[in-house]
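Everything numeric here is computed off the predicted structure, so don't read it as measured data.
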Amino acid sequence: MSKPRIIFLGPQRRQPNLSATLNALQGVELQRGIAVVSAGWEERELEHEELQSHVGVPVRNLEVHGRVEEIYVRDPNLREGMRWRHDRLKTLQELYRLRLEHALAAARAL
């Protein structure tokens, strides 16, 4: 039995490259399939049929987003803490973009 490998790839929607990456791996058995983390899709997390058809092997979706939602139901304090963190990070990101706009304007002017 071969050792499991972990491969991190970005979004596959516009430029699918997972199939080519899997084909390029030497000595990897794919009969048992691959595991997928698609938590970034949130409510669309379970929509992995297109990906499965692209790779041509069984795909096991680990359903991370759904599992986290279940945890939030059981722990409302954690949910509120994560919501606060998300809001705070969003504010910081907006401030960063504002600062970046001025830096880019200065670079363009130069």
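Under the 4.0 Å criterion applied to side-chain N and carboxylate O atoms, Arg79 and Glu69 are assigned as salt-bridge partners. Ion pairing between a basic and an acidic side chain is recognised when a charged N comes within 4.0 Å of a carboxylate O; Arg67 and Glu70 show no such pairing.
If you take CH2 on Trp84 and CG on Leu89, they are separated by 8.0 Å, rounding to the nearest 0.5 Å. In this structure, the separation between CG on Leu100 and CG on Leu95 is 12.5 Å, given to the nearest 0.5 Å.
Using a 4.5 Å heavy-atom cutoff, the side chains of Val36 and Leu62 are not in contact.
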Can you check side-chain contact (heavy atoms from CB on, under 4.5 Å) on Tyr96 and Leu92, steps first, answer last? CA-CA 6 Å; Tyr96 173 74; Leu92 291 172; over 6 Å; no
For Met82 and His86: C-alpha separation, side-chain torsions, deciding distance, then whether side-chain contact (heavy atoms from CB on, under 4.5 Å) applies. CA-CA 6 Å; Met82 291 302 291; His86 178 267; over 6 Å; no
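Heavy-atom minimum distance, Ser19 versus Val55: N-CG1, 4.3 Å.
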